[in-house]
Number of protein chains: 2
Amino acid sequence: MSMKLICNQSDLNTHLSLVSRAVPSRPSHPILSNVLLCADASTQQVQLTGFDLSLGVQTSFAAQVREAGTLTLPAKLLGDIVSRLPDGELTLADEAGEEMVTLSCSSGRYQVRGMGPDEFPELPTVETGDVVYLPVDALIEGLRGSLFAASSDETKQVLTGVHITAEADGLEFAATDGHRLAVVQTPNPDAESQPASNVSFEVTVPGKALRELERMLQLNPSGDAIAVRFDQGQLVFEWSNQRLTSRLLEGQYPNYRQLIPRQFSRQMSLERRLFIGALERIAVLADQRNSIVKLSLDSDQQELVLSVEAQDVGNGREAIPAQISGENLDIAFNVRYLLEGLKVLDTSEVQIQCNTATSPSIVTPIGGLKMTYLVMPVQVRS
Amino acid sequence: MSMKLICNQSDLNTHLSLVSRAVPSRPSHPILSNVLLCADASTQQVQLTGFDLSLGVQTSFAAQVREAGTLTLPAKLLGDIVSRLPDGELTLADEAGEEMVTLSCSSGRYQVRGMGPDEFPELPTVETGDVVYLPVDALIEGLRGSLFAASSDETKQVLTGVHITAEADGLEFAATDGHRLAVVQTPNPDAESQPASNVSFEVTVPGKALRELERMLQLNPSGDAIAVRFDQGQLVFEWSNQRLTSRLLEGQYPNYRQLIPRQFSRQMSLERRLFIGALERIAVLADQRNSIVKLSLDSDQQELVLSVEAQDVGNGREAIPAQISGENLDIAFNVRYLLEGLKVLDTSEVQIQCNTATSPSIVTPIGGLKMTYLVMPVQVRS
């Protein structure tokens, strides 16, 4: 068996860096640190695959395939060389019976040791069930507004993922780490233009896979709708010449909707950037101790007072104008949770609703995305 | 004692970040993690000082000093808050007998715990001896062309510094880590315009202090000449409103001039960017093993062939055009040493001169800076 193809440096570089995100840095088996390369003579396409047994990325691009063939190559090494080559034509070829693959370009020639493709595990496919088409911009918005709130603690299982619910009228994305919860609803803007999107489903997808999906979609945000197929254990996103597969997280996702209060006794709206600026300064002192910021809603002055008391180090106090209704209230939060939520909202004003100093508050953008960010307050001794 | 001053956020921020570079992250004494602040009512100037007992940075800026005073403040904490404040007027004040210093601005008020100034060590001064004035651009050029070659191994003492020699006709900067040597000569462009620069001296200054000096000068490269004062143990650089002090490195600096061969049997000139590009690709494979690149000077083909053999991983070969005189030669180098030297040269072509595969080679820019970069080859079994 021998293979030979000619392609552009920039094509190979772009697609190698895409699939490399699914290549584990500490692979459980040596072959997984390689990318699978399939050169198809009939379609004149080269397909690359990276797979860490949970997340898989597959992508293809046009090339002159002189001899069809399949092989695997060390992802990082090949990527490091190709990314440093000048733009222009490259030739990739192997010799029958040899493990060395030769990369030739105008300036020189590199040989890297490949491995046969037989041991490379097959990317999961989902053949059964329906296809659901999701609009790209809704997916990007939903992921951006939820992913940050998922737990990064691998022992928390289902909480490390984002729970995605699809109904005929749109998508809902939810993520929580037990301290805060982010829920985004993206309406289906034009149900008729989305073929077969009347299928409803509920899945929990690992955060890592969705971060890659978000990254890949942002590289090409104006694309077509994304086809989604799934069965009990696997989910496959597919669009133009790319495919991302992920295992699903098992286990019951918390019934988060019941956590969101329906009524609030206090409500305030304020400028998001002012609020972020003040929180970031307060955080410098708060992070010296326990990261707690105290918010005092002052409806007489129509201002929100932020304060921090970092014993032995210092203290701080800022006031910003706010439209406040309801009685005055002192309530404390982890400053990081507030900041992370406020940063993904992208409206100029936000609304904060609360009841008491010990019950959940919610932050919502005024205008823009339909998003609910729920944060549990922190109890402080006064 | 109480102090009060009003200044601009941007002034305080700029000057705090300058002196903070001399504030140690793990101080041997708590007071050293603070900056010393002196507010002078007669000059209406605020002076900041950071000092790690080896490197000292002192700088001052204009402010409205209502009450003169001296105090110390936690450098990192204060810097983190001030850098996040919006531009505008700030007030810094302390109360007699209180350790808390209050920072007020339009949006709020912060208090940080200071410490009395008594324990803060005095910055070394050099009163005796002459003043030498060095042109700023010559200093920047000399530091840029030499600092990278100094040793980063603290046990190597004098080799962690740059040896600076001043004569009537200019400056010479030299740095070596034992494997390579960089020497830069900057002529005194107009001896008459440099007052008192007929003083000659030789000192070895710690790399860390010179990296800070380079950084500070680059922020304001069009400035006046730098005044240099020194005695046996200390060196003081002084310009406009800034001062940098450093201890000197003790011990005999190697007699590096005798290491530079005077005659060469081979000589080659080539395009610097092409050479760097090829070396960076070769380095990907070379770094998998021992970072060794083999250069083959081919005077028949008038090309330089770069090659790498990384057993079990792969191999590579590039050829670039070069004007070569002398017999063919195979010679091997640490690819990192070549790259580091080539990157600080800023001419489009460089010259490489060598004798044998075991004797030092030198790299020089063609045109531009007067710089000599000597690299020892690596012996390889063939």
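Order of the sequence lines sets the chain letters (A, B, ...), proteins ahead of strands, with each chain counted from 1.
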In the structure I gave you, are the side-chain heavy atoms of [X] and [Y] within less than 4.5 Å of one another anywhere?
{"X": "A:Arg336", "Y": "A:Asp287", "result": "yes"}
{"X": "B:Leu342", "Y": "B:Tyr373", "result": "no"}
{"X": "A:Lys294", "Y": "A:Ser296", "result": "yes"}
{"X": "B:Asn34", "Y": "B:Leu36", "result": "no"}

Checklist entry - Counting heavy-atom pairs under 4.5 Å to chain B, which of A:Arg109, A:Gln288, A:Glu280, A:Arg281 comes out on top? => result A:Arg281
Checklist entry - Top residue by heavy-atom pair count (under 4.5 Å) with chain B, among A:Val101, A:Leu103, A:Leu285? => result A:Leu285
Checklist entry - To the nearest 0.5 Å, how far apart are CZ in B:Arg272 and CG in B:Asp346? => result 6.5 Å
Side chain [X], main chain [Y], donor-acceptor under 3.5 Å:
{"X": "B:Gln302", "Y": "B:Ile324", "result": "yes"}
{"X": "A:Asp298", "Y": "A:Asn328", "result": "no"}
{"X": "A:Ser361", "Y": "A:Val375", "result": "no"}

Chain B heavy atoms under 4.5 Å from [X]: which part of the residue, side chain, backbone, both or neither?
{"X": "A:Ile320", "answer": "neither"}
{"X": "A:Pro86", "answer": "both"}
{"X": "A:Glu99", "answer": "neither"}

Item to check | Modelled atom types, side-chain donor and acceptor of B:Ser269 and B:Gln351, under 3.5 Å | outcome: no
Item to check | Donor + acceptor pair across side chains of A:Ser2, A:Glu95 (<3.5 Å) | outcome: no
Next on the checklist: Counting only non-hydrogen atoms closer than 4.5 Å, can you tell me which residues of residues 75-85 of chain B sit against chain A?
Outcome noted: B:Leu77, B:Asp80, B:Ile81, B:Arg84, B:Leu85
Next on the checklist: With chain A as the partner, which of B:Gly277, B:Ala283, B:Gly314 has the greatest number of non-hydrogen pairs under 4.5 Å?
Outcome noted: B:Gly314
Checklist entry - Looking at B:Ala357 and B:Asp330, what are the two nearest heavy atoms and their distance? => result CB-O, 3.3 Å
Item to check | Candidate list B:Leu295, B:Ile292, B:Val293, test side-chain contact (heavy atoms from CB on, under 4.5 Å), partner B:Ile282, passing option | outcome: B:Val293
Checklist entry - Quick one: which residues of residues 4-19 of chain A reach chain B at under 4.5 angstrom, heavy atoms only? => result none
